[in-house]
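Reading through the C-alpha cells given below for one structure.
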Amino acid sequence: EVQSQGGRLEEARERPRGGMKRALLRGFKTKSGTRVSENKAKLSKIDLRNRSNQNYVNNVAAQAVQKLLSKTTNQKELRWQDVEAWVKGEPFYQVQDIKNSFELAFQSKDLDLNVEHQEVEELMRSCLNTYNRTSIAFETKEDGAGSLIEALELFRKRGINLTHIESRPSVIDPTYSFFVSFQGTLEEDNVRELVNDLIRHTKNVTLMGTEEVPWFPRKISDIDVFAHRTLDAGAELESDHPGFSDHEYRDRRRIICENAHRHKMGDPIPTVDYVDDEIKTWGIVFDKIQPLVQKHACKEYLEIIPELHKECGFTRDNIPQLEDISQYLKKKTGFMVRPVSGLLSSRDFLNGLAFKVFFSTQYIRHHSKPLYTPEPDICHEILGHVPLFANPEFAAFSQEIGLASIGASDEQIVELARVYWFSVEFGQCLENEQRKAYGAGLLSSFGELEYSMTDEPELLEFDPFVAGKQEYPITTYQPLYFVAESFVDAQERMREYASSLRRPFNVRYNNITCSLDIDRDITVSDDGIPMKEEVKEEAKE
C-alpha cells in the first residue's frame, strides 16, 4: 500500500489477485485529487489487461526465439548484440511500441555478454506483449532538463519499457507534470518498486484513473465474439419482402445464414452452390449495372475488374465465392472477407474494418424482383464493395474509419456511421474534373447511379467533420452527395477527423500479430459482450 507522499509501497504477495489491485490503489490520488479507499475503488468488470491472451503472447515469443536460433545455429555462443542485430531486422521492429520496448531493454544490457535461451524468450515475451499497460502522473521537484532525465533513469533502473510520455507545465509551480504509460502492472515487483522510487524522487505521484470505454476487439479472433449478432435481414424476412411467401427461397437463405453463423475467423469461407434462379438473378443485375459502371465508376474501380474476372470468376454467369474474393483481397491489400448472416450494428461493422475485415452476406435477392433488394445481398457486396477493397488507398481510407471507431462513444459511432455512409456507401470523387462514383450503394444500383450524376442532388466537398453531422434517408435516393478530391485526400481528412475525436488512448493496427496496439492503460465495459453460456447456446443452435 502507498501510505502517503514519501511512504513505501509494501509487497502484498499473500493477497488474492483482485484484492492486491484494490490494496495498491488505496492511498493514490485519483484524477479528481481525492484518495481512493479499498471499498470505494470502482473497477470495470472487464479489464483489457485481464482479457489479454497471455498464451498467445507466450506463443509469439517462443516462435520469435525459435526463428532467432535458426538464424544463429552456426554460432557456439549467443550474445546480446546478436539478439539486438536480429531483432532490428525483423518486421515487428517497425511497430513503434515494440521498437521502443526493445530499444529500452537493450540499453540496460551489456551487449558483449553471452545470453541463455530462456533470457531471450523472457525479453521477447516482455517486448512483444503490447497488452498490459499502467499509467502514472508525477511532477518533478525542480525545473530543468536534468530533472526529467533523473526521473526517466528510475524507469530504466527497474527495466520498465515506456510506451507513451507527454508533458505539460505546472499551473502553480515552475515545474512540469509528466503523464507516462508503460508495460507492466502493479502486480509486478519491479513496477511496485518503480512507484516507490517515484514517490521518493518526485512529487504528486498519481495513479491515473483509467477511463471506461465501450468494449472492442483486441485481436482479430475477437471478431467471432460479435459477428453473429445481426440486427436484421438474414433468415428472418419481413412480410413485405419479395421472398416472404417462397418457402424454398427462405430455406435456402436459412442454410446460408447458418453456415455464416458457424464460421470462425481463419476457417475457409463456406462455399454456396448457387441454383439456376440465383445465377440468373445475378446475371440480370450484372448486365444492367455494367454499362453504367463503365461510364460513371472511378478508374480505381474499373482497373480491378479484369483481375476479378481472371482470379475470382467475376462474370455474368457465375457468382464469385467469398473465399476466392477474400484470398484475392488479402494478396492485394491485406483485407479479407468474413461472412455474416445479416446486418450488424454500426459499431460492430466499423470495428471489423479496423482489422481489415469486411463483413459480407452470401444470400441473393429474390428472383421475382431482380432489380430490387430491401437489404444488402451478394450483388451489393461484390458488385459494389469488393473491387475497391483491392485498391491500397481506398483500403487504407476504410481502415482509418474502422480504427476511429475503436473505443468510440455511442455519439461518435453515430457520426462515424454517417461518414461511412457518405463515403464508402455513397461517395463520389473527382477525375479529370468530372464526378465519378466510388460508393458501393451507387455502384450496385443502376437507378441511383444514374440519378447521382444528374444536376438534381446537392453536392458538397468531402469533409468528415460535416458528413458526421449530416443525417440521411435510407428509403429514397440521397438528396446530397459528398465529393472527394482523391482517395489519398479523403484518407488524410479522415485521419485529421479521427484525431479530433476525444478518446483516452491511441490505437494502431499491428500487421504482424493482427491485433490492436493500445498505448495507455484503459478499462472497458462489458456491455454487449455475450456470456460464455450464450455463445455455447448459439453454437448448439
Side-chain angles (χ1 to χ4, degrees), residues 211-216 231-232 298 343-354 358-359 375-376 380 384-385 388 393-430 435-445 448-449 451-507 525 527-528:
E211 295 190 46
E212 189 171 85
V213 300
W215 179 88
F216 58 87
L231 304 177
D232 201 356
C298 62
L343 294 173
L344 296 174
S345 70
S346 295
R347 182 181 297 279
D348 289 347
F349 183 87
L350 295 176
N351 280 184
L353 292 178
F358 173 67
F359 296 102
E375 78 275 304
H380 171 74
H385 282 289
L388 280 175
E393 286 76 23
F394 180 84
F397 169 74
S398 300
Q399 189 181 23
E400 288 292 341
I401 299 178
L403 289 171
S405 75
I406 297 299
S409 66
D410 291 342
E411 293 77 14
Q412 291 169 339
I413 289 294
V414 170
E415 290 194 9
L416 286 166
R418 290 170 178 165
V419 173
Y420 178 90
W421 180 269
F422 285 114
S423 56
V424 179
E425 286 292 349
F426 290 95
Q428 296 183 2
C429 61
L430 290 178
R435 286 189 293 125
K436 298 291 183 179
Y438 72 88
L442 298 177
L443 296 170
S444 61
S445 170
E448 184 151 7
L449 181 54
Y451 158 81
S452 71
M453 294 299 166
T454 66
D455 296 330
E456 185 173 345
E458 181 183 357
L459 303 175
L460 289 178
E461 179 182 4
F462 176 71
D463 183 346
F465 289 93
V466 177
K469 304 296 184 182
Q470 181 67 47
E471 295 184 355
Y472 55 84
I474 60 174
T475 58
T476 63
Y477 292 163
Q478 300 301 303
L480 168 67
Y481 297 100
F482 284 85
V483 184
E485 182 178 326
S486 67
F487 291 150
V488 175
D489 180 66
Q491 182 184 356
E492 290 302 318
R493 288 171 179 253
M494 190 61 218
R495 280 185 181 151
E496 181 183 356
Y497 171 73
S499 65
S500 74
L501 299 178
R502 184 186 178 278
R503 187 169 56 182
F505 61 93
N506 296 309
V507 59
S525 65
D527 295 337

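Predicted, not measured: the structure shown is a model, and the values here were computed from it. Numbering starts at 1 and runs along the sequence shown.
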Under the side-chain contact (heavy atoms from CB on, under 4.5 Å) rule, what do I406 and R503 come out as? Steps first, then yes or no, please. CA-CA 9 Å; I406 297 299; R503 187 169 56 182; 3.9 Å; yes
Given I413 and S345, is the side-chain contact (heavy atoms from CB on, under 4.5 Å) satisfied, shown in steps? CA-CA 10 Å; I413 289 294; S345 70; over 6 Å; no
Could you go step by step and tell me if V424 and S398 meet the side-chain contact (heavy atoms from CB on, under 4.5 Å) rule? CA-CA 7 Å; V424 179; S398 300; 4.1 Å; yes
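Shown here for A354 and Q399, the closest heavy-atom pair between the two residues is O-NE2, 2.9 Å. C298 approaches Y438 most closely through the heavy-atom pair SG-CB, 3.8 Å.
When side chains are defined from C-beta on, P376 counts as touching L343, because their heavy atoms get closer than 4.5 Å. L403 is not listed as a side-chain neighbour of R495, based on a closest heavy-atom distance of 4.5 Å or more. With a 4.5 Å cut-off on side-chain heavy atoms, P457 and Y477 do not count as touching.
Remark: L416 CG to E411 CD distance equals 11.5 Å, nearest 0.5 Å. Going from atom CG of L353 over to atom CZ of F397 covers 10.5 Å, rounded to the nearest 0.5 Å. Residue E425 holds its CD atom at 3.5 Å from NE2 of H385, rounded to the nearest 0.5 Å. With rounding to the nearest 0.5 angstrom, the OG1 atom of T476 is 8.0 Å from the OH atom of Y451.
Every side chain to side chain donor-acceptor pair (under 3.5 Å) that Y481 has, sequence neighbours left out, goes to E448. With sequence neighbours excluded, the residues satisfying side-chain contact (heavy atoms from CB on, under 4.5 Å) with A396 are Q491. For R435, the side chain to side chain donor-acceptor pair (under 3.5 Å) partners are Q428, not counting sequence neighbours. Residues satisfying the salt bridge (Lys or Arg N to Asp or Glu O under 4.0 Å) test with E393, not counting sequence neighbours, are none. When the salt bridge (Lys or Arg N to Asp or Glu O under 4.0 Å) test is applied to E415, the partners found at least two apart in sequence or on another chain are K469. For Y472, the ring-ring contact (aromatic ring centres under 6.0 Å, His included) partners two or more places apart in sequence, or in a different chain, are W421, F422. Annotation: side chain to side chain donor-acceptor pair (under 3.5 Å) contacts of S405 (sequence neighbours excluded): N351. Scanning for ring-ring contact (aromatic ring centres under 6.0 Å, His included) contacts around Y420 gives F349, with sequence neighbours left out. Taking E496 as the reference, nothing meets the side chain to side chain donor-acceptor pair (under 3.5 Å) condition, with sequence neighbours excluded.
Residue pairs that meet the salt bridge (charged side-chain N to carboxylate O under 4.0 Å, His left out) test with at least one member in residues 473-485, sequence neighbours left out, do not exist here. Note on residues 453-464: pairs passing salt bridge (charged side-chain N to carboxylate O under 4.0 Å, His left out), not counting sequence neighbours, are E461-R493. The salt bridge (charged side-chain N to carboxylate O under 4.0 Å, His left out) contacts involving residues 345-354 comprise R229-D348, R347-D410, where partners must be two or more places apart or lie in separate chains.
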